[in-house]
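Naming: A, B, ... by sequence-line order, numbering from 1 per chain. Reckoned from all heavy atoms, side chains included, excluding hydrogens, waters and symmetry mates.
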Protein chains: 2
Amino acid sequence: MEKTKMDIGEAADLFKIMGDRSRLSMVAMMNRRECCVCDFTECFEMSQPAVSQHLKKLRGMGLIKERREGYWTYLSLNEESPFYDMIPELIAAIPGIEDHISSMTASCSRGDCC
Amino acid sequence: MEKTKMDIGEAADLFKIMGDRSRLSMVAMMNRRECCVCDFTECFEMSQPAVSQHLKKLRGMGLIKERREGYWTYLSLNEESPFYDMIPELIAAIPGIEDHISSMTASCSRGDCC
DNA sequence: TGACCATATAATCAAACTCTTATATAATTC
DNA sequence: GAATTATATAAGAGTTTGATTATATGGTCA
């Protein structure tokens with residue numbers, strides 16, 4: 001079955017969302033595995049509200065879903081999203097990104113976070 | 001040989017550039033074939049300076065090259081760009097984009113422009 | 001040379017973006 | 001219930017974006 005067509009404007013919105021270093025990194029990390037909000041604040045050395053506002057955008061597009069566990073909220077890519085199938089392809093198109101994500105998350109206290 | 005690694009920030013910049021409906025369409029059109037500036041103004045029903053400024057951004061990233069012929073300037077993707085290989089992959093990740101581009105350019109007077 | 005044409009640049013403005021600090025919310029543990 | 005913790009929201013400042021109108025540039029053709 002053919003994939004559902006996507007309006008160019010919608011696709012552009014997705015690119016725009018990913019057109020930010022922090023958000024692109026977040027998406028790439030979640031493309032590997034579920035992440036905790038605190039993983040982001042730590043890996044990016046970014047304030048908690050800043051992370052939260054990036055997440056709000058990702059959420060606003062329906063790109064991510066969340067799961068609560070104890071104190072933490074775990075985030076992952078939302079398989080219900082029309083963009084879900086595109087994301088691994090977009091990430092894979094970036095040469096060497098896996099190494100970048102690995103070294104970025106290596107410095108994270110929860111080293112195995114992503 | 002492995003492709004040159006790309007910084008996440010650079011990749012994000014590319015996404016950002018493509019995170020605009022007009023520019024994404026332009027890139028998708030040029031991914032098919034060389035285009036004239038006037039193709040864009042016509043296909044997008046957009047003013048000439050607006051198109052020109054989008055082109056300036058694409059040029060600023062080194063994403064496109066140009067060729068002069070008579071009155072017209074022809075634009076195409078620059079194979080010297082480190083992003084060159086990524087573009088077809090990014091475009092291909094958008095479901096149904098070819099149909100969208102086709103119908104967008106069909107209304108263009110120079111119907112075969114892309 | 002001079003008129004014409006495609007395209008680029010400048011100046012401007014409103015809207016959107018991204019960060020910061022301060023504060024609110026809501027689940028958890030004692 | 002009270003203290004604690006992770007996370008979200010609000011408000012505000014500074015920057016960037018993308019359009020518009022007006023003008024400049026530079027090749028082409030007669």
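By the ring pair (Phe, Tyr, Trp, His ring centres under 6.0 Å) test, B/Phe15 pairs with A/Phe15, sequence neighbours left out. Listed by chain and number, the residues in a side chain to side chain donor-acceptor pair (under 3.5 Å) with B/Glu98 are B/Arg32 (sequence neighbours excluded). Remark: B/Lys65 pairs with B/Glu79 by the side chain to side chain donor-acceptor pair (under 3.5 Å) rule, at least two apart or across chains.
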B/S/- contact track for nucleotides 21-30 of chain C, protein heavy atom under 4.0 Å | BB----SBS-
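Remark: C1' of C/dT7 and NE2 of B/His54 are 15 Å apart, rounded to the nearest angstrom. Remark: P of C/dC19 and CZ of A/Phe44 are 11 Å apart, rounded to the nearest angstrom. As rounded to whole Å, 13 Å separates atom C1' of C/dT7 from atom CD1 of B/Ile64. Computed from coordinates, the A/Glu42 CD to D/dA6 P distance equals 11 Å when rounded to whole Å. In this structure, the CG atom of B/Leu55 is 12 Å from the C1' atom of C/dA6, given to the nearest Å. Between the P atom of D/dG27 and the OH atom of B/Tyr74 lies a distance of 17 Å, rounded to the nearest Å. A straight line from CH2 of B/Trp72 to C1' of C/dC4 spans 12 Å, rounded to a whole angstrom. In this entry the distance linking CE of B/Met26 with C1' of C/dT7 reads 13 Å, nearest Å.
Taken to the nearest 0.5 Å, the CE atom of A/Met29 stands 10.5 Å off from the OG atom of A/Ser102. The SG atom of A/Cys38 lies 7.0 Å from the OH atom of A/Tyr74; values are rounded to the nearest 0.5 Å. The CG atom of A/Asp99 sits 10.5 Å away from atom CD1 of B/Ile8, with the distance rounded to the nearest 0.5 Å.
Ion pairing of A/Glu69 with A/Arg67 is present here, as a side-chain N (NZ or NE/NH1/NH2) and a carboxylate O approach within less than 4.0 Å.
Residues from residues 9-22 of chain B lying near DNA chain D, meaning a heavy-atom separation below 4.0 Å, are B/Lys16, B/Asp20 in numerical order.
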Result block: side-chain N/O donor-acceptor pairs under 3.5 angstrom for residues 20-27 of chain B, not counting sequence neighbours:
| from | atom 1 | to | atom 2 | distance (Å) |
| --- | --- | --- | --- | --- |
| B/Asp20 | OD1 | B/Ser22 | N | 2.9 |
| B/Asp20 | OD1 | B/Arg23 | N | 3.1 |
| B/Arg21 | NH1 | A/Asp7 | OD2 | 3.1 |
| B/Arg23 | NE | B/Ile17 | O | 2.6 |
| B/Arg23 | NH1 | B/His54 | ND1 | 3.1 |
| B/Ser25 | OG | B/Arg21 | O | 2.8 |

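Within the 3.5 Å criterion, the main-chain N or O of B/Ile101 finds a donor-acceptor partner in the side chain of B/Thr105.
Distance from the side chain of B/Met46 is smallest to D/dA19 among D/dA19, D/dT9, D/dT17.
B/Thr73 comes within contact range of the sugar-phosphate backbone alone, with a heavy-atom separation under 4.0 Å but no base atom that close.
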